[in-house]
Structures are given as structure tokens and as C-alpha cells.
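Remember, it's a predicted structure, so these values are computed and weren't measured experimentally. The sequence lines fix the lettering, A, B, ..., with proteins before strands; numbering per chain opens at 1.
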Amino acid sequence: MVEDLVIGMAGSGGDGIVSAGESLISACAAMGYHAMMTKSFGSQIRGGESSCRVRMATGAVRNPGGTLDVAVALNWEDFLKFGAELPVGDDTLVLYEAKTGVAPDALPLDGVTPAEAVAVPIADMARTATGSDKGKSSVVLGLLAGWCGIGRDAILAGIRKKFAKKDERLVEANEKAFALGVQYAEAHPLATPRTIEPAVAGEPRMLTDGNDICAAAAIFAGCDFFSGYPITPSTEVMQLFTREIWKYGGAVLQAEDEIAGIGAALGASFGGKKAMTATSGPGMSLKTEIMGLASIAELPLVVVDVQRGGPSTGMPTKPEQSDVFQAIFSAHGDVVRPVLAPTCVSDTFEVTVEAFNIAEQFQTPVVVLSDQEIAQRKEVIEVIDTARFQVVERQRPDAAELARYERFRLTANGVSPVSHPGMQGGNYVGAGIEHDEHGDPTANGRVHQRMNEKRLHKLDPLRERDDLLRIEGDPSAPLALVSWGSTAGVCREALDLATAQGLRVKLLVPYLLYPVNERVYRGFFATVQAGLVVEQSYLGQLYRVLRMMVDVPAGLESFCRSGANPFRPAEIVRELQLRAGKESR
Amino acid sequence: MVEDLVIGMAGSGGDGIVSAGESLISACAAMGYHAMMTKSFGSQIRGGESSCRVRMATGAVRNPGGTLDVAVALNWEDFLKFGAELPVGDDTLVLYEAKTGVAPDALPLDGVTPAEAVAVPIADMARTATGSDKGKSSVVLGLLAGWCGIGRDAILAGIRKKFAKKDERLVEANEKAFALGVQYAEAHPLATPRTIEPAVAGEPRMLTDGNDICAAAAIFAGCDFFSGYPITPSTEVMQLFTREIWKYGGAVLQAEDEIAGIGAALGASFGGKKAMTATSGPGMSLKTEIMGLASIAELPLVVVDVQRGGPSTGMPTKPEQSDVFQAIFSAHGDVVRPVLAPTCVSDTFEVTVEAFNIAEQFQTPVVVLSDQEIAQRKEVIEVIDTARFQVVERQRPDAAELARYERFRLTANGVSPVSHPGMQGGNYVGAGIEHDEHGDPTANGRVHQRMNEKRLHKLDPLRERDDLLRIEGDPSAPLALVSWGSTAGVCREALDLATAQGLRVKLLVPYLLYPVNERVYRGFFATVQAGLVVEQSYLGQLYRVLRMMVDVPAGLESFCRSGANPFRPAEIVRELQLRAGKESR
Amino acid sequence: MSLPPNLTPQDFKSDLKPIWCPGCGDFGVLQAICRALAAIGRPPHEIAFISGIGCSSRIPGYTAAYGFNSVHGRALPIAQGLKLARPELLVLVAGGDGDGFSIGGGHVPHAVRRNDDLTYIVMDNQIYGLTKGQLSPTSPQGLHTVTSGYGSLESPVNPLLYVLAYGAPFVAQGTPADMPGLTAMIEEAIRFPGFAFVNVRSPCVTYGEADQQIKIHKTVMRRLEDLDHDPGNRIQALEKAETYGQALLTGIFYRNPAPRPTLGAVVRERQQQLMAGAAPRDRILDMFVQH
Amino acid sequence: MSLPPNLTPQDFKSDLKPIWCPGCGDFGVLQAICRALAAIGRPPHEIAFISGIGCSSRIPGYTAAYGFNSVHGRALPIAQGLKLARPELLVLVAGGDGDGFSIGGGHVPHAVRRNDDLTYIVMDNQIYGLTKGQLSPTSPQGLHTVTSGYGSLESPVNPLLYVLAYGAPFVAQGTPADMPGLTAMIEEAIRFPGFAFVNVRSPCVTYGEADQQIKIHKTVMRRLEDLDHDPGNRIQALEKAETYGQALLTGIFYRNPAPRPTLGAVVRERQQQLMAGAAPRDRILDMFVQH
Ligand SMILES: Cc1ncc(C[n+]2csc(CCOP(=O)(O)OP(=O)(O)O)c2C)c(N)n1
Ligand SMILES: Cc1ncc(C[n+]2csc(CCOP(=O)(O)OP(=O)(O)O)c2C)c(N)n1
Ligand code: SF4
Ligand code: SF4
Ligand SMILES: [Mg+2]
Ligand SMILES: [Mg+2]
């Protein structure tokens, strides 16, 4: 019995392989497993090839995993299109459509001989059960239930829920297809059993993805206004707002472009409301000017960038971590803009709430740097107790202050109480033009210097927020990993594996990428002789940003490559071992 | 007799103080002096206060200088508004309008007692000569001619040229006003003479500013198309194109915004023509997305950013060097974009030509990072011999290549010959979407990695271009300055002063800011124990970029502040001396 | 909340001295707006005045209201977000011809079709003032400027026709050469429920054309009311709008007799429907819980 | 230069297989364009096809011409720069309703008023296809989509009316439900000297509305030529354009009988005047020399 199972399935658009994955992961949630599901499609809008990976485990699941334990191919042409996304290895069980006519010992997997390969008459069973091949996905679920020992009732419940919307005959047909799959599995025991430990069904779980939970977190944090423009892979953030925000007396605007999107959000913030916009790289580029305006006008604003493959239009459906420079530096003039990054679906909630709190406390735009994988992968996670989170409001002027109000008063901490239209006595004119304490335009060099100082140093407390960076593993280890975003989930597993193999390793995961908490890094680096800064961008952007602010030990190298080339825990462990050798010599 | 004279004048809009400065600098050009003129105005579009500084010398003039040798105040209220821009010191000669009724020993200059102060009945003389106070500027020129020994004929010629356009009576009246000024000066010899060495009139000189010479350089380099949107302080670049480019069969488009501006320029480049756009910070922010498109589509394009005070609208008429991060990093995805910066009007020509050559050779957008001071100050410079400059054309496919053309073929050096519409056999579809060698869209991770590699490593030869960085002073000096843009001119003078004072100093001036020529910096840093990276931005942006790529000696500190707070040679020398102390200890 | 019983135009002026050139038409626009606001009587702190960048866009700074002198061309998006977030405010939007119809031109049709209750005042001087005299989208073809030394090659934008084509329910044109008329139409535009557009031919005395100055306007302007124009007739309005660039017609080109509800109104309706029985914010994650 | 004596539609197709959904209206648009180009007979390498981003904007990749599948909403600026730099090329521009009238909407009026010789084809499916079914600016009010679960609150853009108001000399509307009609109007648009706009109601079979599919178009479409419409009459054209959203009128709404010269033509004129006796490029600095 295993505790961790990685299943990958591929077929053509009509085969419903993705919906099979969805039934599977909701079954996992119901049974109390931890689970994670990623989808991948060809470039066709409809039809074409489609695939999904489901990783389920009795313990925490921190990334989609590496080589597949179970591979399901409804046809080989489509399966092979996914290459590295569905890697088959020596330990893999391969289930495939018998109709493909391929012999188990002649699978089209160059160089790899899987542990076991079983040709299954999936289409035939589907036809028997449903009279069409529409039932294939249910047959596959039956096979998995049978061979992997995943709770049948839970899967059946999922199937029922799905088809109930359509019609009753469909439900029965698919129940039949599922049953046939189960029977087939029972009739053909595996040479290499794949049964997973039963989960301790107990606590209810949440099932969601990074985009939905990001939008929900914003609403929890008090966001009343969203405005944005559709762009893959961020659009679901706006879509949730269009369903929910009205219920809280808020509003959402689908803008004519990204500039109007952030403009309207900034207008709402000028009006005293918490506001957000969400986009991906191309939209970030367009929002650059108004992000700068938000900084000098000192208005809170949360900007979500769900990173995808770049540059330019790049690869809209693939993950990459290459917007770090853009998020931090894309502004003319001297600007410091806080940038936060979640590492999984669950902490996307915390990070988003934190983003609103920082925006409000410091009257600044804040970027949440998510990525396509976190944003669009579904996870079964522990229920989040919102009571643990505190919500911060911007400091407003009191009566005394309003009596002689100066919007940009030079206070000790650089934060000036902010009024908004409707507040009597708080009248002021916001501007992107440099201004004095009262808000009047100026071209005076001394005032400019003082105002830059105010705007930049008000953020100093952020550099002290040690809770926004997490250090895991042996604190005095000579080997180190630094990683962020979705890649951090891979490094967390690599840390455990390497430690289990006797390496002395630690991992630093920054949730606040910028401004850089120099003290924490210095402390972390103190014991480091070798290691890796792991990120999915060709230029290794976070590594460069760290060099800017801190002295990075020579042995800590950038380990990076372009998006759509996901890191796997095993390879990171290998790299660590190489360096462990060096470091001990 | 002095060899170097810094004159500062201020009055109200109507006083024609700036046109006096212009007559003066064109006289300098005619007489063979080196000279530099900067202007400064209040925020009013018309009227309000206005001022100018003219620095003239028998030798090279590398910056506007520090404390004034001669200050001219037509009224004190306006003069004082310019504060640090017109600094009066103990050695200054102050000439001012007698009508102001201020006693020479009671000038409104807190703390400072100038070497000599003379109240002159400027307005009265003007009235006598012209019957109005329109003649004030000519009187002032007369006084300067008389007291500083600046060639009268040359100045008179300038005056004639200016008023000839209007009418003959005006010419006579202003000649008269000038004569009265001269007579007054002769009748009232100075206690502290200010006569300047006569210049060796010989070679003709050029008189222009950074924006005009930038546009002219582009046309010389073969630029056929300009498209942009007006923005201070860059608009004069477009304005010259609208006058000249038609003469070369080219065209200019005043676009509806900066996005259309760079878009149209990119379209022309796609068409095989050399193209340029120019803007300032806010426009750079808007051009971000299409700059990224130019990088992935591998099309040559020159983008001029005339920096001004930021962030956002900031201080449009003031210089700052705070767009370094933006110029280098504002793109989503992994992009490396060459960034060049001129240091004065004259080398703006070389830098602009180089920008076109680099753009063509490497099929990349290139940013020219000018600033308000260089762009709008007038300089008298040596005539530039265009024969010294070579013009590069993009590599085009030959017949063999066209027979089976692959637009993005992976060549050894990463540069693929580029066709353009009209070229038979070269047909391809450019795209911002990631693409294979043929140009077809792809979402394949391996192809993406290879294409990023191609686009980024094709620029490697730039990192070897030692000629794009200049090292001056004692190569083995323990004290160092690093500076760029207009500030480099200040550091060059500081280098000479410090050396004259016996300090062992050297100066590195990068014309290519990015990519970073690591070898040159390492070599330069090798002997450095202490020094300064001097730049006019609050964050010291170039210093941070250097840290990213090279190990910067601990003793080399960032010496920076916000724009509109110009550095003066003397203060840099002071800073060097402090460190010289340390470093010798 | 104690307010001066009745407000005077002076109550809507700030103490910041305008940096406009002496004689600039924008002084008149400022005056007309302050008079209209005084007549309407909302206190300054309940008014938000959003602008872009340009000489004209400086105007919020010269009023006592809340203001946002934002970035070039983006006043309308900012104003729409503000109005949606705070429907109770009186929101004015202003800027130049370049701000509104060049860089900002892409936002106008969408502001119009969303139809929130905004008043958009363009100070149309047919030139770029702040940047010292370049072509503007409304500059006449053939005009010689610092960016068109041989004459402009482009036929100009027609602000009135565009905004009518976008479906605006209220479209007017005025000039500071007729202060009572300008003040009246601005007041009516503000009172109009929905998107109201006022194109003010506000002369630039420094870079503007000689025939676009107050003195000339006084002689050439013609009031629509004197041309028995029916402001309720959209086709008539379109035809009259076609004269932009030839004639100077002032007054209300179009006022929709049966205006559709504003965006704010339909949003409020939707909120009221959906707010009943919604989970509180701290229970929003319940939607993800599996049982 | 040896060219196939006469070109067939096939000569204008690339070998890239379209990723469009089976049945997508864009297949028909591609076919119509290739037929029109074959009729015109310029070889593919003298044609440049510029688009933005969207399902529709993929179209240049499926032709054998030079193409630029640029970024969302910027096809027109890129095409204008290209055409000014290389007037000898045949330049086509295409994209979706979102590409052209949402994010790209600010560029349209300026492309029209500059009037260079471009043909702009919008594949108007009244939805965002590539991003999977959000509201588009031409989506009807009340439409339920993934971004308007309770129905859209905004009244739609009217592409025909907008572009006419901008002063376009050629405006037409077609549908792949009438291939001969669509092909003919695209050919005429390309041959027209000046800015020509063709709005193609190209159905999205995956996210589009049921009543916006080819089958329905066939039944509801009405040809302007059957309504004795005078394409030379601008006011008639404006009135007919007002029907966008209710009726589906196809054909040529407006064709200026006396079109003004194109931007390219006046630019060439200016160049010829000024090129005579200009200093060579290597003497351009002479303008700064003082004697
Ligand atoms: C993004 C951006 N582009 C350009 C500018 C420069 N700029 C400031 S105002 C202006 C246009 C001014 O013309 P208009 O909008 O008609 O206002 P006016 O000054 O005539 O009242 C321009 C181009 C800017 N500030 N920001
Ligand atoms: C700057 C930018 N914003 C948003 C997107 C995402 N995006 C791609 S296509 C598209 C709109 C598609 O609709 P349309 O233009 O009508 O074309 P269609 O797919 O319907 O043919 C959007 C919003 C993008 N690629 N770039
Ligand atoms: S430049 Fe023109 S628009 Fe600007 S303030 Fe002066 S007169 Fe008014
Ligand atoms: S989604 Fe719609 S527009 Fe896009 S290819 Fe499919 S049918 Fe065509
Ligand atoms: Mg204007
Ligand atoms: Mg569409």
C-alpha cells in the first residue's frame, strides 16, 4: 500500500479525461485525502488533446509530483503530445486503450520500460454501458477505483452529481460504465499493486484553485471593488467577483483594457474603498503607468499578476516565474512597491489578505505575484479558519487633523492619514505631479527629495516583517535552497527527501519578495556554503534581486530555466548531492 | 583674466533674459569659446519667472558649473525663486537692477556676501535706448561685453540676427541699448575684474542641444521613420523629424498616444526600415508592452527616453536619472534590452548612432537614456566629423537562405537573417507568441527554453564591447568614481580637480549601461578601496544594477539623491577627500 | 453637518493661484463651473473633480472640491471607478482635447455606453497647450505647428459627432465668450441623470489660432436655440454636430427626452437583490468546503 | 520576378492547420480573404497582414502572406507605420471585436482620420473567444457570460456607426453565411483607395449566442442592395448603421464617391517637394554649424 499516488491521464477533447480528474479529486476531498490536480490542453480552443494529473496522498501534497505512478492513455498520439508533463518511468503502471492495438511490450515510450502495462478495452466497456464512447471517463474511474482502492462511493457520488444536471439516463449509464471498470480491475489483479492507504476521513476539506481563493480572500479582506480586463490565466479572479461582489454591496467593472482596469480600481481607492485588479504579464506591462501614479498619490491598491510564459504574449497557458523584474521595477522614477508571492492554493488566501493589509497600512500599491500553476490547479486543502486573520484599514484623519488637513503631512513614520471624497474638511487634490505636504504641485528639488524619502521610507517596517519569510529545515545547515512561488512546493519536498537522505539542508521561502528583508537573508546565508536559488525563469530573476540588496554567498548559485519546464523534487535533490560533495571536500 | 566664466541671469518672463543667454552663447560659438547654456522657468506656461546659466570657457565645458561668477538679477523676487539653480558665493559678482532699491551691502542673500555687488540702472538705459523696457536684455549683454571682455561684434551680430526678423527700428534700438551697457561698464570699472581670456577663434563650432542632435544622429544613422507622442522634455526630437525627415524620403507620425507611437515605429521596422520613437518616463511606462513585443519578434527599434523627475508625472521640466530600472527591467518575461546613455550633447550623437547599429546588428530594441539637462541644454561643441562613424544594416537572408527560409533559425550567434514584406521567399509571420524557428506558435517548453537562450545570448558580444565604457584618470588609483549621463560631466571635472589636489582617483563612465560588461568593471574595481557611484536618483539605480551582476567593492558607495538637486564638482571632491582619509588610514 | 446656508461661486475656489497664461479661456471655464456648482448647492466635500494632464487638467486644483489631477488620458476610467464605489458623490471629469480625444480617446465610448452619472467637460483649444503648441486631434487640417511645420495632413476629430455616435444622452458645446450660456449648460449637464458631455471651445491665447480667440468667438458663435434646433432629436443633433470645424454652434445639441437608467441605478438594484441573505465576508470560504 | 501567371485562393493559404473550433466563422473569413486576394492578384510576398490577439487574430498565420500577429489591440498602429514606411505594400489588418473596439478602440478614429490605404476586417462574434467566453464590447445588453452571470449592464458598441462617425470613406458588413457577398465586399474594400472597414459577423460556435450562428444569419440577413440603399449617401448610411444589434444588414453601407487623397499620397507629394536639394544624410549636422 502506498501513501502517495500520482495519476496522469490523456485523451482527445471529447474523452472527458479532465472531468474524470475532477470527479476523482472531489472524491479525494470527500474521503479526506490531500490532493492536487493540474490540467493541460493543446492550443485548440475546443477539441484537440487534453490531459490532467491528479496527485493524492494521505499526507500533505505540496506539488504535482514527478514521474507518474499510474499513466492512463486513451490514445497514444495525444498522450505523447504532453511529453514531460506526463513522464512515464520504470515504476509506472500504464493503462491504455486496447483499441490502440499496441502490444504491452511495445509501448511508444522511447527508452522507458514501465513496471507494468495493461491494455484495457475501455471504449468497448463504455459502449456496452452507455451505447456511446461518452462513458470512457467513467470506465477509467472504475479502473482506478478497482486497482488503486479509491473509495467507490465517493467517486460514484461525484459521477452522479455531474450527470444529474443533465439527465437520469446518463447517470445510470455512467454508473454502469464505472461498475464495468471496477469489475475489470477485480478480474485482472495487477502484478505491481497500486493500492493507496485509506485516508482518515474526518475533517471536511476545501476544494478550490488559486484564482478563486484569491478573489474570495480579497472579499474577506474588505475589497469592495474589482476592475480588470480578461486575460489567461487570471480571468477567473474577475469571474468570481462578477458572481459574488454584489452580495457585499460592492461592484465590478469589466474594463475596456488593462489601463482602464487599474484606473477604475484606483478611482475606487481614491474614494476610500478597498480595490483590486488582476491580470497577467501583458496586462502588467500596460498597468505600469498607473501603478506609478498609485505610488506617488499614496493610494492603497492590490494588483494580482498571475504569471504565464513570456515575453509578450508568450505562452498564455503555461506557468513561468519571469515577472519578478516587472513587478518590482517597472515604473519610471524612484518607486518601491511591495511584491508578495503565494506558494500554493492555500497560502494564496493568506498572501492576498496580507496584500490588502499592507496596501492599507502603507497607502501603496501591492503586487501579488501568483503563477499559472497555482492559479489554475485545484487543491484539496484543510479548511482555513478566517478568524485567524486580522483585517487592516487605512489610517484616516481625525477631527483635529481635519481642522487643518495636510494630505501628505510629513509624519514620523511617513504615513499620512488619508481622507476621501465625502469627508468634510479632508478636501485635497491628489496628483501624479510632485507635490508638497498640502498636495500642491511643486518643482522644488528639496521638496522632491523629502517626498521621495517619505514615500520610500514609510515602507521600512516591511523589511522587518520576518513572518513574511519562512525558513525550514536545519537552521545551521551548510546546504541551502531559496525558492518562491509554485517552485517552493517542489523545494519543500526536495528538502524532506534530501534530509531523509542525510543531507544537512535548509530552505528559505520568501512570501515578501520586495522590499528585501536583508537581515533575514544575512542570517540565513551565514551558515551557507553551497546551494541553489530555484526559480522558473531563464534569467533567475529573484537571485539577481537578492544580489542587489544582500551579499549572496558565492556557493549559492542560481538554478533556473524557462517556464513550462517544471522542476521535480528528485532533480533538486541530485543537485544538492553534487554540492554536498563539493561542500564537504 | 579667467579662462572659465559662469554667468547666471534671472528676470520675469517679459525681460528676455533667456534670449540674452541665447545671443551670448551664439556669440561664444562665433568667437570659438566652448560654452553651455541651461534654462529654467517657473511652472507658468507664459510669464512667470525665467532664468538661464551660461558657462563659457577657453577649454572644454563639461557641466553647467557650480557657484556663479557673475549673477544678474533684473528683480530679486524672481532671482531668488531659482535658489540652488543660481547659487551666489563669496567670489560672485552680482549685477542687479538699481530700481530694486536694494543697497549693495543689503542684498537679500541670506548668509552670503558676494565679492562685489553693483546696482545698475538697467531699465533706465533700456528706456533711453528703446523707449520701452524691451531693451533690458541688450543692456545686460552690453554690461557683460564691457565688464567680461566678451567680443562685442559677435554679440552685436547675434542681436542683429535676432531682431532683423522683426524690424529695422528694433535692431537700431537694441544696438543702442547694447552700446549704453558697454559704456556704463567702461565708465564703472569693477573692483574684482572678470575679464575672460580671448578665445582662439579658428575652427567653426556647432551649437545645438541634446534633443536636436539626437534626431539628427538618427537620420544620419539611416532612420527613415519616427513616430511618437509629445512629452516634455523629449518633444524636440519629434519636432526635428517633422522638419527634416521628408527630405530623405522618410515619414513621421504624431501618434494618438505612446503605445501607437512605438507600435507604428515597430511596424516600420517590420517593414525593413530603421525606426525610432522618443518619449519620457510616463511614455516609457506605456511603451512597455510593445518593447517586449519587439524583443520576442526580434525587430530593431530605437527608443529614446529623455528622463525627467518622477515618479508618474513628477517634475516634467527637471532632470533626474531615475528611469534605469524601467529602461532595463520593464518587461514581463525574460528580456534583455540594451540600454545606452549619453553624457553630453556631443556624445549624444555617437550614442544615438551606436543605438541604431546595435539595434540592427542584434535585431533588438535599444533604449537611449538621455535626460532633461542634456536634452535641453545648448552647447557649443567641436564640429563632429560624420565620416568617423560607420552605419550598420540588419543581416538579410541571401538567395540560398530564402530558398528555404526560417525566420528564427537557430544560428551559431543567435542572430537570424531577417526578411521584410516585399522580399520574395522571405514570407513569415512575426508574433509576440512564443514560436519555433519557422515562426509558428508553440507552447513547448523545450522550444521556449531554446528560443529564450537564442534571444538572450545573441547579445553576449555587447558584454565585450569595452569601447562602450570609458575609464579616465589613474588606472591604478585606490579612489574611484563611477558615473553616467549628465552627472558624468560633473564627475569628469571633479576628477581633474581631485587629481590636481593630489588625490589618486579614476573615473568609469559607462555609455552602455546594460547588459553589464562585467570584465571591465572587475578590472576597474580591482584597485579600488573607496569611492562613489554618483547618480541623480533617490535609489541609486545604476549602483543596484551593478551589484546584480558584479561584486562591487564594499568601499564603493552609492552617492545619490533625487533630481533637481544637481551635483557640483566641488562637493564630489569633498566626498573623495573624506574617503581618501579613510582609505589611507 | 453645518454648511453655509447658500454657497457662492467663491466657496468652490481654492486659494491656489492658476498658472494659466493671462487671458486663457480656462479661467472662464473655472468660473462657469464654480457658478454652476454654487447654483446646485452640493458642498465642496461631496464633489470629486477628476482630470488628466494638460493646462486644462489643472482645473481641479483651483477648486475647493476633492480632486484628482491624475495622468494623461485616464480621467474617465478613474472617475467611473470612483462613481461606482461612491455613487453618492457628485463627480465631474475634465481635461483637454488631447487628453480626451487623443490618448484618452479609447475610454470615451465605454464611459458613454456604461452611462454612469458623470459630467465630462472638455476644454477644447484645438492645440496641445501644456507641451507648448503641438498638433491636437481637433486641430484643423493644414494647421502649422511645431510638429506640423508644413501643415497637418490629418482631418480632425469631431468630439460632438463622436460622442453622439457613442450614444451619449446629453451633448452640448459652449465657449467662455458666452459665460451665461456656458454656466447654464454646465449646470444642466451636472443635473442631467447620466453621462453628460460638454465641449468647451476654450481658447489658448499662447498657441491657439487667431480665429479661435474669445473676441472672434463672440462674433461667429451661433446659439442652437436661435436656430430652432430640437435638442430631443438625435438625427438633428448628428447633422448639427457635423458642422464642428466650420461653424461654432453653442448650446445643447442633444438631451435624451427619455434617458435610460444610469449604471449606478442598475448596480444598486442588483446589489439590493443579491445582498439579502448573502453569507458574511468571514464565511465566504464556505463555498469551497466539501462535505 | 517569376510568379504563377494567375493565383488561386490556395496560393494564399499557409500549411499551418487552423486551431479554430470546427465550424468557427473565421474559416469562412479566411476563405473569403484568400479568394479576394486571388482575384486581385498581388503575389503573397507583397502583402502584409497585421493582426492583434484573439482567435480571429490568428488569421495571418493561416495565409501565405507576410504577417504580424502582434499584441492585443495594436494592429492598427503597427499597420499604419508599416504602410507609411512601405507604401507599395498591400496592407490588411484584422482582429476581433474585443481587439478592435475594446482595447484597440482608441486607435480606430485616428487610423480613419489619417486615411492611409488600409483594409480593416473585424471578425465580430460579439464575444471573447480566445479567453473563453467573456463579454465583448459588442455583446448585447443583458447577455449572460462568465463575466456577466446576472446579465450585462452595458449597451453595446456599434462598430458601423462609430467608424462612419469617424469619417471612414468605406464601411461594409458581411457574414460567412453569404460567402459570395463577403468575398465581393472584401475585394472591393481592398481595391478602395483609402481606409476601408469591413465588419464581419463571424459566429463563435463555442461561446457565441445561438441566434448569432451561420444558420440563423442565413435566415435573418438582409442585403442593403435589396433595400435600395444608396452607398454614396452618408446620412442614409448613418441611419442604416443604427440598426446594428437589431437587424443584420449586409453589404456596403458607405462608399465615398469622391474620396480624399490617402495619407500615403499626400506624404509622397511632400517628400517629392522636399527631397529636391536636401543635404545628404552625412551632412545633416551642417544645420548646427556656426560661422
Ligand atoms: C503619458 C503622457 N504622455 C504625454 C504627456 C505630455 N503631455 C502633457 S499634457 C499633453 C497634452 C496637452 O494637450 P491637451 O490635452 O489638449 O490639454 P491643454 O494643455 O491643451 O489644455 C501632453 C502630450 C504626459 N504628461 N503623459
Ligand atoms: C494586453 C492583453 N490583454 C488581454 C489579453 C487576453 N486576450 C487575448 S484575446 C482577448 C480578446 C479576444 O476577443 P476578440 O478580440 O473579440 O477575439 P476573438 O477571440 O473573439 O476572435 C483577450 C482579452 C492579451 N492577450 N493581451
Ligand atoms: S498655454 Fe494656452 S491653454 Fe495653456 S495656459 Fe496658456 S493659454 Fe491656456
Ligand atoms: S472559440 Fe469561438 S471564435 Fe474561437 S475558434 Fe472557437 S468558435 Fe472560433
Ligand atoms: Mg488642448
Ligand atoms: Mg470576439
Asks: If I measure from the heavy atoms of chain C, does Phe349(A) come under 4.5 Å with its side chain, its backbone, both, or neither?
Replies: side chain
Asks: Are the side chain of Arg283(C) and the backbone N or O of Thr386(A) linked by a donor-acceptor pair below 3.5 Å?
Replies: no
Asks: Where does Ile262(A) contact chain C at under 4.5 Å (heavy atoms): side chain, backbone, both or neither?
Replies: neither
Asks: Please check this pair: side chain of Tyr66(C) against backbone of Phe270(A), looking for a donor-acceptor N/O pair closer than 3.5 Å.
Replies: no
Asks: With a 4.5 Å heavy-atom cut-off, do Phe49(C) and Val429(A) have their side chains touching?
Replies: no
Asks: Side chain, backbone, both or neither: which part of Leu285(C) has a heavy atom under 4.5 Å from chain A?
Replies: both
Asks: Does any backbone or side-chain atom of Ile50(C) lie under 4.5 Å from a heavy atom of chain A? Answer side chain, backbone, both or neither.
Replies: side chain
Asks: Could you grab the distance from atom CD1 of Ile433(A) to atom CD1 of Ile53(C), nearest 0.5 Å is fine?
Replies: 4.5 Å
Asks: Let me know if Asp212(A) has heavy atoms under 4.5 Å from chain C in its side chain, its backbone, both or neither.
Replies: both
Asks: To the nearest 0.5 angstrom, please state how far the CG atom of Leu266(A) sits from the CZ atom of Phe68(C).
Replies: 4.5 Å
Asks: Keeping the roles fixed (side chain from Arg86(C), backbone from Gly271(A)), state whether a donor-acceptor pair exists under 3.5 Å.
Replies: yes
Asks: Heavy-atom distances under 4.5 Å only: say whether Phe225(A) touches chain C with side chain, backbone, both or neither.
Replies: side chain
Asks: Under a 4.5 Å cut-off applied to non-hydrogen side-chain atoms, are Phe288(C) and Leu207(A) in contact?
Replies: no
Asks: Main chain of Gly250(A), side chain of Gln271(C): is a donor-acceptor contact present, judged purely on distance under 3.5 Å?
Replies: yes
Asks: Under a 4.5 Å heavy-atom cut-off, does chain A meet the side chain of Pro109(C), its backbone, both or neither?
Replies: neither
Asks: If we only count heavy atoms from C-beta on, is the Leu240(A) to Met287(C) side-chain gap below 4.5 Å?
Replies: yes
Asks: So does Asp153(A) have more than 12 non-hydrogen atoms from other groups sitting under 6.0 Å from CG?
Replies: no
Asks: Output, in order, the C-alpha distance, side-chain angles, deciding distance and verdict of side chain to side chain contact (heavy atoms under 4.5 Å, CB included) for Leu253(A) and Arg114(C).
Replies: CA-CA 10 Å; Leu253(A) 185 76; Arg114(C) 287 181 194 126; 3.6 Å; yes
Asks: Tell me, for Ala79(C) versus chain A, whether the close heavy atoms (under 4.5 Å) come from the side chain, the backbone, both or neither.
Replies: neither
Asks: Return yes if some donor-acceptor pair links the side-chain N/O of Asn427(A) with the main-chain N/O of Ala64(C) below 3.5 Å, else return no.
Replies: yes
